[in-house]
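Each remark here refers to the structure printed beneath this line.
So that the names make sense, note that chain A is the first sequence line, chain B the second, and so on, each numbered from 1.
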Number of protein chains: 2
Amino acid sequence: MEATTDAEGPLAESLAFRLTVLGGTMQREFALHLKEAGLTPKHLGVLNVVDRALARTQDDVATLMQVTPGMVVRLVDRLEQRELLQRRRDPVNRRRHILTVTADGARVLATSAAFAATLDAQLVATTGTALAGQLDQALAALMRTLTGSR
Amino acid sequence: MEATTDAEGPLAESLAFRLTVLGGTMQREFALHLKEAGLTPKHLGVLNVVDRALARTQDDVATLMQVTPGMVVRLVDRLEQRELLQRRRDPVNRRRHILTVTADGARVLATSAAFAATLDAQLVATTGTALAGQLDQALAALMRTLTGSR
DNA sequence: TATTGTTATACTCTATAACTATA
DNA sequence: TATAGTTATAGAGTATAACAATA
């Protein structure tokens, strides 16, 4: 009766489960790196989507990052205090806050990109260049569905 | 002077960063699925490492999952309350608690594996079978380094 | 003296829901 | 009436550090 436990293969071999585990490990690395700046991975995520023009307003950020509007407020609050992000009212629709990354914000993104590059180097060293290239393609395909096929 | 911002390529194209984002998405899915059982993805992680014999004691779990001993206590507390995991003293070294997955715990793992399979199906549908196969290989290589090359 | 696990404390993250203002 | 954002509250997660028991 072991068909009950492994009907679809063990959990540990699922793509989704391993993505969760490895994503958690990577997130921990980013968290450690960002700690000195008083930021979390989510703060970096906000900077990134705004910088990449995937999100223009707080509402955009909430939808794209799947977080509540209330959390976006707090994330943006801190980023604004640190002068990494700027809020300004949309003259066209005064309910909206348009977000822009400041020069300091761009610097945080650059530093984090450099840090990410060192993590990538470790990943490539583990998988080898061939597999890393294919990992890159697979992740790109998956990211496209998250950002709405852009 | 834009070499300053993109010296190593943009953050959004980093393998590590995308693993963080996608891992977060998958984690959210698992969290939603586990909510009705009153569990979190970390609880599932504990069940998994114990079931796979990657961890025998609470200390093993803490080391492997990179969480503090105090958190393992609370995670195991809940799993034990729900009768998904059993604690018993190691007769050889009475400081240790040996963990074993109960029949109910195995059932949770099975249900979660089935759920993971549906997530996997979505992932495969997005990337195509060829890329999914290579994603599988890359993730396997990366997981081996996490579990100590076992 | 080191290891394993527990507890206490405080802090952060997060979700929910009520609220303000704009449209 | 619907949208964008804010605030308040409460609950869950987490880290730190002090502690107890065992080796």
(request) Could you check how far CD1 of B:Ile98 sits from P of C:dT3, rounded to whole Å? (result) 19 Å

(request) State whether A:Lys35 places a side-chain N or O below 4.0 Å from either non-bridging phosphate oxygen (OP1 or OP2) of D:dA15. (result) no

(message) Whole angstroms only, please: what is the CG-P distance between A:Leu34 and C:dT12?
(response) 16 Å

(request) Respond yes when some side-chain nitrogen or oxygen of B:Arg78 is under 4.0 Å from OP1 or OP2 of D:dG13, and no when none is. (result) yes

(message) So if I take every side-chain heavy atom of A:Arg96 and compare against C:dT4, D:dG5, D:dA15, which nucleotide ends up nearest?
(response) D:dG5

(message) Does A:Arg95 contact C:dT22 through a side-chain donor or acceptor facing the base, at a distance under 3.5 Å?
(response) yes

(request) Just compare D:dA4, D:dT7, D:dT6 and give me whichever is closest to any side-chain atom of A:Gln58. (result) D:dT6

(message) When you measure from the side chain of A:Thr57 to the backbone of A:Ile98, do you find a donor-acceptor pair of N or O atoms at a distance under 3.5 Å?
(response) no

(request) Please check the phosphate of C:dT12 (OP1 and OP2 only) for any side-chain N or O of A:Lys42 closer than 4.0 Å. (result) no

(message) Taking the nucleotide of DNA chain D with the nearest heavy atom to each, does B:Val67 or A:Asp77 sit closer to the 5' end?
(response) A:Asp77

(message) Less than 4.0 angstrom between a side-chain N/O of A:Arg28 and OP1 or OP2 of D:dT14, yes or no?
(response) no

(request) Would you please say whether a donor-acceptor pair under 3.5 Å links the side chains of B:Arg96 and B:Gln58? (result) no

(message) Looking only at the side chain of A:Asp59 (C-beta and beyond, no hydrogens), which of the listed nucleotides D:dG5, D:dA23, D:dT16 gets closest?
(response) D:dG5

(message) Which heavy atom of A:Leu109 sits nearest to which heavy atom of A:Leu44, and what is that distance?
(response) CD2-CD1, 4.0 Å

(request) By nearest nucleotide on DNA chain D, pick out whichever of A:Val72 and B:Arg94 is the more 5' one. (result) A:Val72

(message) Please pick, from C:dA15, D:dA23, C:dT7, the nucleotide with the shortest atom-to-atom distance to any side-chain atom of B:Asn93.
(response) D:dA23

(message) Without decimals, in angstroms, what is the distance between B:Arg74 CZ and D:dA12 P?
(response) 14 Å

(request) Identify, between A:Asp90 and A:Thr40, the residue whose nearest nucleotide on DNA chain C lies closer to the 5' end. (result) A:Thr40

(message) Output the rounded distance in Å from CD (A:Glu80) to C1' (D:dG5).
(response) 13 Å

(message) If you assign A:Gly70 and A:Leu39 each to the DNA chain C nucleotide with the nearest heavy atom, which residue ends up on the more 5' nucleotide?
(response) A:Leu39

(message) Checking the side chain of B:Arg78 only, and the main-chain atoms of B:Gly38 only, is there a donor and an acceptor separated by less than 3.5 Å?
(response) yes

(message) Can you confirm whether more than 12 heavy atoms, excluding those of B:Arg56, are under 6.0 Å from its CZ atom?
(response) no

(request) Please work out if A:Arg89 contacts a base, only the sugar-phosphate, or nothing of the nucleic acid, heavy-atom cut-off 4.0 Å. (result) nothing

(message) In whole Å, I'd like the distance from the CD atom of B:Gln27 to the C1' atom of D:dG13.
(response) 11 Å

